[in-house]
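Just so it is clear, the structure is predicted and the values come from calculations on it, not from any experiment.
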Amino acid sequence: MTIEHDKLKKLALAVIDTELEAVSILRERINDDFLKACEFMLHCQGRIVVIGMGKSGHIGGKIAATLASTGTPAFFVHPGEASHGDLGMITDKDVVLALSNSGETSEVLTILPLIKRLGVPLIAMTGKPDSTVAKYASALLNVSVAREACPLGLAPTSSTTAALVMGDALAVALLEARGFTANDFAMSHPGGLLGRRLLLHVSDIMHTGDAVPQIHKSALISEALIEMSAKGLGMTAITDDNNEIAGIFTDGDLRRVLAQEINIHTQTLSAFMTKDCKTGRPDMLAAEALELMQRYKINALLILNDKRQLTGAINMHDLLRAGVV
């Protein structure tokens, strides 16, 4: 089967335009009921229990995940399973968010009386404000759309988009109201890139003890080369008699030495090391170390304690392995 490319583009643009229209109408629906829904969720002593069937269930699952990751404890319960035992997952300290575009989904209707008996607030997200689900609601979120983006008017498209956006509006409003921070977000996403950037410290990944290349400033260049080769960090720290940092000698410094045909077996480091080298702290974020290294175009960083003494070292490979880059 073949179809003209222009027609494909026209169909795709029509879907986007229809869904944009559906989303834009939601601006009028951020009303007292929306504020009431936020209040119920903010004062919830348990968890937000999200229910929905079919495509509404898929959207509900995503909304529950977004709420949970932005500071509002939430989970999804399949309404079909709820009436066969999973209703026990809902307690009188919870708030229920029910998604049903028609407002008449039988599996949802079955458990509404039981939810009412528990006395928990019910937030209804529906496309039919006069439906049964809406009548049970403590707060009504109207996500009705003029038409679906599907040309047949059958497949949930605009309606699911509207519900998803309304769910995001709830989650972000609650995030702001709770004072939820980027660090809080990272705590619930320790395995993600943001989590690693906001939680991982230099002390978690730096080389310490004998693994840190270190040599006295009076040493020969050949001795520094041996130390660098043994430790494999592409550099060595240069220290003075008090174990304080005098500088750093890197692979780049070595290349510059060799380009001058200097005898590495007789020449000391002091004239060729980088004296004013960049350093970091054990408590700094690994992401901060990365930014510092990128800004100054260096591949390794010496880590000093409060007394300016060498306590560790990291290089770009360490940051790559830790997933910070």
Side-chain angles (χ1 to χ4, degrees), residues 11-42 44 47-79 95-105 108 121-131 133-134 137-178 180 182 185 188-189 192 194:
L11 289 168
L13 289 170
V15 171
I16 293 171
D17 289 341
T18 302
E19 297 205 4
L20 280 171
E21 178 186 347
V23 170
S24 65
I25 293 174
L26 293 181
R27 296 177 64 87
E28 305 169 6
R29 316 265 178 78
I30 305 302
N31 51 23
D32 289 343
D33 268 282
F34 180 85
L35 298 177
K36 192 185 298 184
C38 289
E39 289 288 342
F40 282 133
M41 290 182 167
L42 279 171
C44 177
R47 284 168 168 72
I48 311 303
V49 182
V50 185
I51 62 174
M53 283 293 296
K55 300 297 187 295
S56 291
H58 294 308
I59 298 300
K62 192 274 179 185
I63 291 173
T66 301
L67 287 168
S69 69
T70 53
T72 300
F75 63 93
F76 177 79
V77 172
H78 192 288
V95 171
V96 175
L97 172 60
L99 282 74
S100 172
N101 187 47
S102 69
E104 303 295 343
T105 307
V108 174
L122 172 67
I123 301 168
M125 190 181 293
T126 179
K128 303 293 181 182
D130 57 350
S131 63
V133 169
S138 307
L140 172 63
L141 300 176
N142 182 358
V143 290
S144 59
V145 298
R147 61 186 186 281
E148 297 287 5
C150 166
L152 300 176
L154 299 174
T157 44
S158 299
S159 58
T160 49
T161 299
L164 183 61
V165 171
M166 183 64 82
D168 286 343
L170 279 173
V172 174
L174 293 171
L175 176 153
E176 289 286 341
R178 294 182 190 281
F180 194 77
F185 187 88
S188 61
H189 296 75
L194 179 62

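Residues Asn142 and Glu28 form no side-chain contact, since every pair of their non-hydrogen atoms from C-beta on lies 4.5 Å or further apart. Counting heavy atoms from C-beta on, the side chains of Val50 and Phe75 never come closer than 4.5 Å. Using a 4.5 Å heavy-atom cutoff, the side chains of Met166 and Ile30 are in contact. Using a 4.5 Å heavy-atom cutoff, the side chains of Thr161 and Val145 are not in contact. Residues Thr160 and His58 form no side-chain contact, since every pair of their non-hydrogen atoms from C-beta on lies 4.5 Å or further apart. Looking at Met125 and Ile59, their side chains never come closer than 4.5 Å, going by heavy atoms from C-beta outward.
Pairing each heavy atom of Ala149 with each of Ser158, the nearest pair is N-OG, 3.1 Å. When all heavy atoms of Thr126 and Ser131 are compared, the closest pair comes out as OG1-OG, 3.9 Å. Taking all atoms of both residues into account, the shortest heavy-atom contact from Ser138 to Asp33 is O-OD1, 4.5 Å. Nearest heavy-atom pair across Ser56 and Asn101 is OG-N, 3.9 Å. Listed here is the closest heavy atom pair of Leu99 and Ala163: CD2-CB, 4.4 Å. When all heavy atoms are compared, the tightest approach of Lys128 to Ser102 is CG-O, 3.2 Å.
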Next item on the list: Test Arg178 against Thr70 for side-chain contact (heavy atoms from CB on, under 4.5 Å), laying out the working first.
Entry: CA-CA 9 Å; Arg178 294 182 190 281; Thr70 53; over 6 Å; no
Next item on the list: List the steps, then state whether side-chain contact (heavy atoms from CB on, under 4.5 Å) holds for Ile51 with Val108.
Entry: CA-CA 8 Å; Ile51 62 174; Val108 174; 4.1 Å; yes
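Distance check, rounded to the nearest 0.5 Å: CD of Glu19 to CG of Leu164 gives 10.0 Å. Expressed to the nearest 0.5 Å, how far SG of Cys38 lies from CG of Leu141 amounts to 8.0 Å. Atom SG of Cys44 is separated from atom CG of Leu97 by 11.5 Å, given to the nearest 0.5 angstrom. Interatomic distance, Leu170 CG to Thr72 OG1, rounded to the nearest 0.5 Å: 9.0 Å. The CG atom of Asp168 lies 11.5 Å from the CG atom of Leu175; values are rounded to the nearest 0.5 Å. Between the CD1 atom in Ile48 and the CG atom in Leu174 there is a gap of 7.5 Å [rounded to 0.5 Å].
Residues Arg29 and Ser144 have side chains that bring a donor and an acceptor to within less than 3.5 angstrom of each other. Remark: the Thr157 side chain and the Glu148 side chain contain an N/O donor-acceptor pair separated by less than 3.5 Å.
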